[in-house]
Amino acid sequence: MPFQKKKFAMQYNFQQIEKKWQDYWSKNQTFKAENNSDKPKYYVLSMFPYPSGAGLHVGHPLGYIAGDIYARYKRHKGFNVLHPMGYDSFGLPAEQYAIQTGQHPAITTEVNINRYREQLDQIGFSFDWSREVRTSNPDYYKWTQWVFIQLFGSWYNKKTDKAEEIETLIAQFEQDGNTTIAAVCDEDVAQFSAEEWTNFSDKEKQEILLKYRLTYLADAEVNWCPALGTVLANDEIVNGVSERGGHTVIRKKMTQWMMRITAYAQRLLDGLDTIDWPQPLKDSQTNWIGRSEGASVTFKIKDVEGEIEVFTTRPDTIFGVSFMTLAPEHELVSKITTPAQKEAVEAYVEATAKRSERERMADVKTISGVFTGAYAEHPFTKEPVPIWIGDYVLASYGTGAVMAVPCGDQRDYDFAKHFNIAIPNIFEGVDISEEAFADKANTVIANSDFLNGLPYKDAVTKAIAELEKLGQGKGKINYRLRDAVFSRQRYWGEPFPVYYNQDGLPQMLAQQFLPLELPEVDKYLPTETGEPPLGNAKAWHWLQYGDEGKVVTKEEFTNANPVGKIGGPLELNTMPGWAGSSQYFNRYMDPRNTEAIYSDEAINYWEDVDLYIGGSEHATGHLLYSRFWQKFLFDRGVAPKQEFAKKLINQGMITGTSAFVYKDVEENKVYSKGVVGDKKVNPVHADVSLVNASDELDIEAFKRWRPDLAEAEFILEDGKYIVSREVEKMSKSKYNVVNPDNICEEYGADSLRLYEMFLGPLEQSKPWNTAGITGVHGFLKKLWKLYLTQNDSEPTADNLKTLHKTIKKVEEDIENFSFNTSVSTFMICVNELTAQKCTSKKVLGPLAILVSPYAPHIAEELWEKLGNTESIANAAFPKFEEKFLIESTKQYPISFNGKMRFTIELPLDLTKEEIEETVMAHEQTIKYLDGRTPKKVIVVPGKIVNIVG
RNA sequence: GCCUUGGUGGCGGAAUUGGUAGACGCGCUGGAUUCAAAAUCCAGUUCUUUCGAGAGUGUGGGUUCGAUUCCCACCCAAGGUACCA
């Protein structure tokens, strides 16, 4: 039937088109990137997802679509583009699910990944899937373990300002001991000579080296939940108890693997100036690192052996000290507390252990603390200074102790007022009867012996000098950044390639034995003795003879032949979520390499990420740790660049638009939005798929969905039931999740891609409302129609003007990541060309290329219809030509006192005077002036005329 | 609390160096087509209005011939705040 056939071709059949081109790309490996090419390289990376059980919702692809548009654009611009994707597949939700169901996390993870892949494939991304990585794959985490071993085998030399092999440190110990070394290390390292070093036992040597290594064991404070037998994140704690089950949580010290990221504090700060990342993100890293200059001051304690070290940014105010405050967790607290105060102090310490750090920081209104009964000695006046404890001092910041200067610090001031402690005034001519005076710049110091009369800067210098003379202080730069805890008491993470020898000292597995694979366990919970889940593994001991090594049971290990045997129990902790994501961007360059983390050729070709797209919530986690690892790999000659990503864009969150029906509190009635009035009602979530574009509820479907309301009476308005709408986080529990699959099915991937971009600026968060998608879908239909008639005719001036206006705008928009305005531009362009009845291939061809990064499937199809036989993916981007846009006249807006009243069309080559003359003579002007004489006439040629008066 | 971002019609948003506020789209209203509907097309749509005009970009001030845009103070919402990823 020829009639039907013709009609078929007339219609935009997105399902058929999208399937066709996705198959084509896959079959032809259109987007496979080569590790060498004559073209310049460009590396576009989107942060890889954690494959959760819920699947993708429309919020996830936002950043991927933006990245994909940019990657496709760069191909049109002649670049060899690397655009990979993978999965951050270790993580807590899979483990939680395993605990609940007993299913191995590897199985659920595999299922989730397959689902993600299906969903991603539907959207038509130009990923090079041959490079996929999964952090939970042994082939991948082999190299995570390898980096860990490199960190263990390195120390930070402050003299060369970089990480070096531990062997260079040992050589120096052998030569000079540790007296001449400038290293970043633990604070409690004793001094030793070369001779002493040589005489140390192996165990002693290993213990000392551990204090220098870039990853090391230390006691760190954690949120311990005894009932769950696990450590909790701050956000798993609500009001001091665990979110799950409401159990008590306490602060507790545990031995943990740590990363000496503090060694890189200054370089992480300095590096920010060299990368094009959003300023807010840089700000949060800067604040996180928290550099402050000041002094470290040592206070002796009266009648007790020991001293208190504090860090202060205001050594100039040292004569204003009237008390000291220690964090309740400070190690000296139990030592210095007098018997009379013991009970009160212990009670306070216990109470504080129940509060989270965040709670303590956020709560500035409640003032609490206890006097220890002990006194310190002021370094200069030798007067006694009472020592208090207070939870506003955090153990993890600085030294966990402050010298309190109430006249100069508001928190100290409030504390002193509350507990009736003296507030000596050390500022010249400043009233401190109401509040502390923290303005450094605008006063001079008084009542301060040798500091009297000095302004802030001079007083700081002088105070430090005097402290140095006493041997009780020195100038110091302090960082808020702390070493990162790298152990997790979890199952579903990378095992540490570590066993413990007879002395209990950690030993690294040799590279040939990597990866050390995650063992099977029966239960994913902590053991009965409170050990991490790996404690449940039957075989988790390392047994090695020479080049032969394997994982065995404890019995096998104990009974094995002792001659030449090495090994011991393996580490029970696993690595944290950020371990696998800290170098994945490099691994994509050469993901199947089994000999090395990646080849020199690959890393020297791709070097670094040119554009990285991801959420701002990773600002101080993933993005700081990755920069740290990259700098370390750089120091050790493994990576050629100090920073892994030149440019970074944060995509915003897509929120959901929840729908509510109003259920009467007493009666079994639900009211439409407009008829609620002042009735007492409860809002009840309705699934957004049951609501149409006009907020009208499908009542029958709703009744099937919520059988408990099937019998309810629905009070309508105008015969319809209208829901109320509210923007909330997109989440299953709020029934506002929208799946991209459904959208692709109903409107197609190209519509989804366009609509995600059309919603608003990439960086901002914005609500999703499926109703609006008909707009971009309608645009694609119009675009399709525009290509129904095409020929080799010459384009008109109007055609060319529309085309080149569009080229200019779209190119600018892509470069500025302003994708939403591009979509509008396409709509305007197609509306104009349709009105112009444009049929010229010389216009339609370039337009298809412009559209193709955004809507690649329809673009390929139209490109083919135009007679091309090659994929559009590598077609050259159209060149903008100014000459088609030149205008000779302008619609001048004429405003009165800054308010536009009417426009006049005038030639653009008029002078200021000519414009003024013409405008003032215009009848509309005369009408608006109504006989008044203007005070002033502002003429900006090419822009505006403003008449004042 | 602190740091960061944002606030413009009924809704998403546009306005690239201070120069025509509301582009584009949704929704809504009216019309064409249709037996009817869907789809499509056309017109209108910031608010108030005595139809002359007036007001208007979270609130209150300021700078300027002119402010969504710059400055000050405040209000509200979202993200982060070290073991969610």
Side-chain angles (χ1 to χ4, degrees), chain A residues 47 49-50 52 88 90-93 96 220 222-223 230-237 256 278-281 283-284 286-288 357-365 396 480-482 484-490 576-578 581 615-622 624 650 652-653 655 657 693-695 725 727 729 755 758-761 763-776 778-779 781-782 785 809 812-813 816 818 820-821 823-828 831 891-903 934-938 940 942-949:
Chain A
M47 286 185 189
Y50 173 78
S52 81
D88 188 13
F90 271 134
L92 270 185
Q96 207 51 46
V222 294
N223 300 313
T230 188
V231 174
L232 299 177
N234 276 337
D235 64 43
E236 292 177 290
I237 305 167
Q256 310 262 344
Q279 195 55 42
L281 198 156
D283 289 348
S284 56
T286 303
N287 293 335
W288 191 263
E357 245 181 46
R358 194 182 304 176
E359 219 178 13
R360 283 164 63 178
M361 281 190 287
D363 183 8
V364 292
K365 292 197 181 93
S396 52
R480 201 179 73 103
L481 182 72
R482 342 199 264 250
V485 181
F486 198 66
S487 304
R488 297 291 183 268
Q489 295 68 47
R490 313 281 187 192
W578 53 271
S581 58
S616 60
E617 66 274 19
H618 300 283
T620 50
H622 162 60
L624 196 64
N650 287 132
M653 206 175 52
T655 46
T657 311
S694 312
D695 293 345
R725 293 286 204 163
V727 171
K729 197 172 166 168
Y755 189 51
F758 188 60
L759 277 182
E763 286 102 325
Q764 277 169 34
S765 86
K766 55 241 159 197
W768 178 271
N769 191 348
T770 305
I773 200 168
T774 53
V776 293
F779 156 74
K781 286 187 195 166
K782 283 189 209 166
K785 272 194 193 163
K809 176 79 173 132
E812 279 169 5
D813 283 347
N816 293 322
S818 175
N820 54 325
T821 48
V823 180
S824 307
T825 304
F826 290 137
M827 290 174 172
I828 294 166
N831 288 347
Q891 284 286 340
Y892 273 92
I894 310 303
S895 26
F896 292 78
N897 298 318
K899 259 205 157 357
M900 204 281 289
R901 296 303 176 191
F902 57 91
T903 59
K935 287 198 195 105
K936 208 169 171 186
V937 179
I938 312 272
V940 185
K943 285 254 157 92
I944 199 170
V945 176
N946 189 17
I947 298 163
V948 186

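Within every chain, numbering begins at 1; the chains are lettered A, B, ... in the order of the sequence lines, protein sequences first and strands thereafter.
- Under the 6.0 Å cut-off for aromatic ring centres, A/Trp578 and A/Phe90 do not qualify, their centroids lying 6.0 Å or more apart.
- To the nearest 0.5 Å, the span separating CD on A/Glu763 from OG on A/Ser818 amounts to 9.0 Å.
- Contact between the side-chain N/O atoms of A/Arg482 and the OP1/OP2 oxygens of B/U81 is not found at any separation under 4.0 Å.
- Residue A/Phe896 contributes atom CZ, which lies 15 Å from atom P of B/A55 at whole-angstrom precision.
- In this structure, of B/A14, B/C24, B/U4, it is B/C24 that holds the atom nearest to the side chain of A/Asn831.
- Closest to the A/Asn946 side chain, of the nucleotides B/A85, B/G66, B/U4, is B/G66.
- Picking from B/G80, B/C83, B/G13 the nucleotide with the shortest atom distance to the side chain of A/Glu617 gives B/G80.
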Dot-bracket notation for RNA chain B, counting Watson-Crick and G-U pairs under 3.5 Å, with | for partners on another strand: (((((((..(((......[....)))((((((.......))))))(((....)))..(((((..]....))))))))))))....
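- A donor-acceptor contact under 3.5 Å links the side chain of A/Glu812 to the base of B/U16.
- The side chain of A/Asn650 contributes no N or O atom lying less than 4.0 Å from OP1 or OP2 of B/G79.
- Picking from B/G25, B/A15, B/C3 the nucleotide with the shortest atom distance to the side chain of A/Met827 gives B/G25.
- A/Lys781 has a side-chain polar atom (N or O) that falls below the 4.0 Å cut-off from OP1 or OP2 of B/U40.
- Taking every side-chain heavy atom of A/Lys766 into account, B/G12 is the closest of B/G12, B/G54, B/A14.
- If you check every strand for non-hydrogen atoms under 4.0 Å, A/Ile938 touches a base.
- At B/A14, one or more side-chain N or O atoms of A/Asn820 fall inside 4.0 Å of OP1 or OP2 (strictly under the cut-off).
- Taking every side-chain heavy atom of A/Ile828 into account, B/A23 is the closest of B/C3, B/U81, B/A23.
- Checking B/G19, B/U16, B/C3 against every side-chain atom of A/Lys809, the shortest atom distance belongs to B/U16.
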